[in-house]
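First up is the structure itself, then whatever we jot down about it.
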Amino acid sequence: MAPRAVVTAATGGIGLETAKGLADAGYAVTVIGRTPQRGDNAVAAINARGGEPARFLQADLASLAAVRALGERLADEGPLDVLVNNVGAMFPDHTHLDGIEASFVVNHLSPYLLTELLLPVIKHRVVNVTSGAVVVAKKVFDHVEPPGGYYGFHWYGRAKLANLAYTLDLATRATTIGVLAADPGGADTDMTDGTLRTPKIVAPPLRLLWPLVRRTFEHATSRPAATAARSSITAATDPTLTSGTVIGPKALPVQPHRTARDPRIQQAVRHLSQTHAPLRHVPDGIST
Ligand SMILES: NC(=O)c1ccc[n+]([C@@H]2O[C@H](COP(=O)([O-])OP(=O)(O)OC[C@H]3O[C@@H](n4cnc5c(N)ncnc54)[C@H](OP(=O)(O)O)[C@@H]3O)[C@@H](O)[C@H]2O)c1
């Protein structure tokens, strides 16, 4: 039987290109997304490459209830070789989803919960998609929301930092699988077309420099999604990579961000995750 891979948020953008790359590598890929029409198109594009048949499963990964239902369904299906948590989103306005700040839900709690639900069946690798935006994050994780004003880009970066800390933490605890992060670098996608267009996503001092900041964003996100997807594909498929490796935008290992390696940050993130996306049990083989 062909090895199985799940790629979230894979009906477009970097996720779709990652799914194509895994299909080319011999995986039977499950594409997760919200929109059935986009799902059908994605499956058709993957299947046209002639590999193992792909399939689409609909799930809104901004809903932890939907993530839970998806995780339980996939776990019931049995062994899964690779999970790529590609979902991510930036919110221009301070938004809550079921009472929890939206950036934290979509960029951290959602992939955290899906991973934890699937750990009992994952056989080979988890890849969490991170971002260079982690460098602008406030490095405090006492609460879901950091102190100070809401700026979408910075809060997105902080949620990605939480997820990177979780990734490196899990890499030390999950001894039978590889847990890696992949930073695709900038790419021209729906996300960058939409959210990087308004000065309110950055803190006031940067707004004063908005024309320069915007040009920098536009330049940094001009690469095709297929190029950016090489980081996740490498993280998922290169047999020489060890758990805890972070693959950078050039699809090569990079030094993990220092804050994400800090055990106090990892513990704080673990506490927030367990509080806001509780599991019913601790999966076998994982030390807490
Ligand atoms: N683009 C960049 O420059 C860049 C840079 C660094 C890191 N990243 C990270 O790379 C990953 C992919 O980014 P991208 O730019 O390709 O994003 P994107 O353009 O927003 O991705 C679009 C895909 O995400 C799906 N999606 C969005 N919200 C979803 C939800 N709530 N539930 C399920 N599916 C959802 C869409 O599916 P439907 O339309 O079917 O819902 C579509 O398949 C993200 O984690 C992002 O943070 C991106």
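For the numbers below, each heavy atom of this structure counts, side chains included, while hydrogens, waters and symmetry mates do not.
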Does [X] sit in a hydrophobic cluster with other residues, and if so which ones, taking ILVMFWY side chains as linked at heavy-atom separations under 4.5 Å, directly or through other members?
X	answer
M1	none
F56	V7, L16, L22, Y27, V29, V31, V43, I46, V82, V84, V127, V129
V140	none

Heavy-atom pair with the smallest gap, counting every atom of [X] and [Y]:
X	Y	result
A277	L64	CB-CD1, 4.3 Å
E116	L170	OE2-CD1, 4.2 Å
S231	A251	OG-N, 3.8 Å

Could you list the donor-acceptor pairs under 3.5 angstrom formed by side chains in residues 66-78, with sequence neighbours left out?
from: R68; atom 1: NH1; to: P278; atom 2: O; distance (Å): 3.0
from: R68; atom 1: NH2; to: P278; atom 2: O; distance (Å): 2.9
from: E72; atom 1: OE2; to: R280; atom 2: NH1; distance (Å): 2.8
from: E77; atom 1: OE1; to: R4; atom 2: NH2; distance (Å): 2.9
from: E77; atom 1: OE1; to: R55; atom 2: NH2; distance (Å): 2.6
from: E77; atom 1: OE2; to: R55; atom 2: NH1; distance (Å): 3.1
from: E77; atom 1: OE2; to: R55; atom 2: NH2; distance (Å): 3.4

Is D169 salt-bridged to R270, going by a charged N under 4.0 Å from an acidic O?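 So D169 pairs with R270 through a salt bridge.
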For the pair E101 (side chain) and H94 (backbone), establish whether a donor and an acceptor sit closer than 3.5 Å, ignoring hydrogens and angles.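 No; judged by distance alone, with no hydrogens or angles, the pair does not exist.
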Hey, could you give me each pair passing salt bridge (Lys or Arg N to Asp or Glu O under 4.0 Å) that has a residue in residues 136-145? Not counting sequence neighbours.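 For residues 136-145: none.
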Considering the options I265, V246, N128, which one meets the side-chain contact (heavy atoms from CB on, under 4.5 Å) requirement together with L164?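 In the set I265, V246, N128, the residue that makes a side-chain contact (heavy atoms from CB on, under 4.5 Å) with L164 is V246.
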Looking at residues at least two apart in the chain, or sitting in another chain, which of them share a side-chain contact (heavy atoms from CB on, under 4.5 Å) with A229?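 I14, E17, T18, I233.
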